[in-house]
Amino acid sequence: MAVTVTMPQLGESVTEGTIQAWLKQPGDPVEIYESIAEVNTDKVNAEIPSPVAGTMGEHLVPEGTVVPVGGEICRIEGAEVEVAATHPATATTAGESPSVTADSFSAEGIPAALAPEPVPVAAAASSSQESSAAAPQGADGLHLTPAVRMLAREHAVDLTQITGSGINGRITKKDVLEYVQRRDTAQPAGGVAARRAEAAAAQAAPPAGAAATPATPAPVRQPAPPPAVPVSQGAGDTLVALTPMRRAIAEHMSRSVLTSPHAWTMVEVDMTRVARARARAREEFKRRHGVDLTFLPFVAKAVIAALRRHPSLNATWTDDGVLLRNDVNLGLAVALEDGLVVPVLKGADRLSMAGLALAAQDLSDRARAGRLRIEDVEGGTFTLNNAGALGTVMSQAIINQPQAAILVMDAIVKRPVVVEGDAIAVRSMMNLCISFDHRINDGLPAARFLHSVKETLEAVDDSTELW
């Protein structure tokens, strides 16, 4: 039997992907969950796992083709018959090729029949501490490849029971298979089948007393874009083709301006004390942690503290109300030669100054090397843009949807200012400008947030914890 594979939904806002390279050629054997193609999205590179075992058939699109989510990309020949039972939507009459369609995939790019069930908020909150020792971020926030998630779902595995052997405790396919082997050895015959039947039944019907559909924020109504203005090409003009990243940035920025009524406000911050603290600790910090102590973690720490005091800036607009985010997942804008990417520092409010510096350096290095994963660029709740690293002194940024605001830190410049007693002194000054969604916040909370960041930075002294 032949199965047609389609472009999966590889991220929460990914609508298309470019086939960067075929990892399997026609005639090559393909194992289930084995990567068959490398895809470049507007955010990161990813690999598509095969939903079935068989032989690679026809490539329906060549390398370099942009394919929308749900678009057909290839066929797997000689697929095992059990695929029809695993993916009911793929069953067809004789002679037809079933498709693993876009509807068969979850937001994580795995077949919906194998996707993990949603975790109730109360249950997730009560189990977060229990699972933290076994998994980096709990069952609903594990850094996993689609193949590992597929494998875990197929074998009804509770991922919080597995300690990963990969980098930073990441769970691998080998970890899941070894866990399944140990578990099934201790179970009577039919135990695995019973687990799968229970999981399927739980997915088909909600538990007693629960709502049939989990509550989700209402989608934001998008205004219609204005008609495109005709452009003529003159002699000597050069047309540069749009890369997936450039096209995505254009779409995201246009949509953000059309969606959110932007407002801006700015304050000056005296960074002299921060500059002195950094100069004193810079050499020792580099020796201890292996990274340079920049101004970014100082500002990030102050921003996180201010978001805790002013949660309406760590929020999202919905038609049903303003959704206040519990975690502070700090997006850090990173400029690339051909665009911009915003990797997300998850759980930033739980990190020390050193932790922020190390995590920011890691994300920045991987962003510039093109080694970010899908999960590295999703889930941000607030964005910090260090435009000052490029020498800017006054910047206004566009909000990274669906967040409530974005903050730009500009260059720190020494200049004369009037200080206490009407004296004039040379101080290290920095501008902080916040762009905020005027549907969610007015000028008062935005100004209070900025002044909270300013007060924290100007209060840095020798007692400030840097390690």
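One is the number of the first residue; the rest follow in order along the sequence.
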(request) For His438, enumerate each residue passing the ring pair (Phe, Tyr, Trp, His ring centres under 6.0 Å) test, keeping only those at least two apart in sequence or located in another chain. (result) Phe436
(message) Under a 3.5 Å threshold, yes or no: a donor from one side chain and an acceptor from the other, between Gln401 and Ser260?
(response) yes
(message) Using side-chain heavy atoms (C-beta onward) and a distance below 4.5 Å, is Trp317 in contact with Pro402?
(response) no
(request) Would you mind reporting whether His310 and Pro445 have side-chain heavy atoms less than 4.5 Å apart? (result) no
(request) Would you kindly say whether Ser463 and Asp461 are connected by a side-chain donor-acceptor distance under 3.5 Å? (result) yes
(message) Out of the candidates Lys286, Arg282, Arg288, only one should pair with Glu284 under the salt bridge (charged side-chain N to carboxylate O under 4.0 Å, His left out) rule; please name it.
(response) Arg288
(message) Using side-chain heavy atoms (C-beta onward) and a distance below 4.5 Å, is Val157 in contact with Ile162?
(response) yes
(message) Would you say that Val453 contacts Val267 through its side chain, given a criterion of any heavy-atom pair below 4.5 Å between the two side chains?
(response) no
(request) Rounded to the nearest 0.5 Å, what's the gap from OG on Ser50 to CD on Glu31? Could you check? (result) 9.0 Å
(request) Check the pair Met429, Asp270 against side chain to side chain contact (heavy atoms under 4.5 Å, CB included), reporting the backbone distance first and the verdict last. (result) CA-CA 5 Å; Met429 304 300 294; Asp270 188 343; 4.0 Å; yes
(request) Count the heavy atoms belonging to other residues, nucleotides or ligands that lie under 6.0 Å from CG of Leu390, then report whether that count exceeds 12. (result) yes
(message) Out of the candidates Val303, Leu457, Leu296, Asn431, only one should pair with Met409 under the side-chain contact (heavy atoms from CB on, under 4.5 Å) rule; please name it.
(response) Leu296
(message) Please report the interatomic distance OG1(Thr316) to CG(Leu324), rounded to the nearest 0.5 Å.
(response) 9.5 Å
(message) Any salt bridge linking Arg415 with Glu268? Criterion: basic side-chain nitrogen under 4.0 Å from a carboxylate oxygen.
(response) yes
(request) Mind checking ring pair (Phe, Tyr, Trp, His ring centres under 6.0 Å) for Phe298 and listing every partner two or more places apart, or none if nothing turns up? (result) none
(request) Kindly give the heavy-atom pair with the smallest separation between Val341 and Pro343, and that separation in Å. (result) O-CD, 3.4 Å
(message) Using every non-hydrogen atom in the two residues, find where Phe295 and Ala275 come nearest and quote the distance to one decimal.
(response) CE2-CA, 3.8 Å
(message) Testing the basics here: between Ala387 and Val408, what is the closest heavy-atom pair and its distance to 0.1 Å?
(response) CB-CG1, 3.7 Å
(message) I'd like to know if the side chain of Thr318 pairs up with that of Asp320 as donor and acceptor (distance under 3.5 Å, no hydrogens or angles considered).
(response) no
(request) Search all heavy atoms of Val291 against all heavy atoms of Phe285 and return the closest pair with its distance. (result) O-CD2, 3.5 Å
(request) Give me the ring orientation class for Phe449 and Phe382: parallel if the planes are under 30° apart, tilted from 30 to 60°, perpendicular past 60°. (result) tilted
(message) Show the nearest heavy-atom pair for residues Ala333 and Leu340, with the distance to one decimal.
(response) CB-CD1, 4.1 Å
(message) Salt bridge or not between Glu458 and Lys454? Use side-chain N to carboxylate O under 4.0 Å.
(response) yes
(request) Please round to the nearest 0.5 Å and tell me the distance separating atom CG of Asn386 and atom CG of Leu384. (result) 7.0 Å
(message) Does atom CZ (Arg366) have a neighbourhood of more than 12 heavy atoms from anything else shown, all under 6.0 Å?
(response) yes
(request) Can you run down the ring pair (Phe, Tyr, Trp, His ring centres under 6.0 Å) pairs that involve residues 331-357, sequence neighbours left out, and say none if there aren't any? (result) none
(message) Testing the 3.5 Å rule here: is there a donor-acceptor pair between the side chains of Thr381 and Asn329?
(response) no
(request) State whether Glu283 and Arg287 are salt-bridged, where the test is any N-O pair (Lys NZ or Arg NE/NH1/NH2 against Asp/Glu carboxylate O) under 4.0 Å. (result) no
(message) I need the Ile73 CD1 to Thr65 OG1 distance, nearest 0.5 Å.
(response) 11.0 Å
(request) Check Gln161 against Tyr179 and note the closest heavy-atom contact, atom names and distance. (result) CB-OH, 3.8 Å
(request) Check step by step if side chain to side chain contact (heavy atoms under 4.5 Å, CB included) holds for His262 and Ile399. (result) CA-CA 8 Å; His262 281 54; Ile399 297 168; 3.5 Å; yes
(request) Consider only side-chain N and O atoms of Ser352 and Glu465, and report whether a donor and an acceptor are under 3.5 Å apart. (result) no
(message) Using side-chain heavy atoms (C-beta onward) and a distance below 4.5 Å, is Met266 in contact with Met394?
(response) yes
(request) Compare all side-chain heavy atoms of Thr265 with those of Leu450 and state whether any distance is below 4.5 angstrom. (result) yes
(request) Rounded to the nearest 0.5 Å, what's the gap from CG on Leu466 to CZ on Arg278? Could you check? (result) 11.5 Å
(request) Kindly determine whether Val377 and Val342 satisfy side chain to side chain contact (heavy atoms under 4.5 Å, CB included), including the steps that lead there. (result) CA-CA 6 Å; Val377 294; Val342 185; over 6 Å; no
(message) So that I can tick it off, tell me whether Asp376 and Arg371 are bridged by a salt bridge, with the cut-off set at under 4.0 angstrom between side-chain N and carboxylate O.
(response) no
(request) Quick one: pull up OG in Ser312 and CG in Asp437 and give me the separation to the nearest 0.5 Å. (result) 11.0 Å
(message) Between Met430 and Val299, is the side chain to side chain contact (heavy atoms under 4.5 Å, CB included) condition met? List the steps.
(response) CA-CA 11 Å; Met430 177 182 72; Val299 178; 4.1 Å; yes
(request) State whether a side-chain donor-acceptor pair under 3.5 Å links Ser395 with Thr392. (result) yes
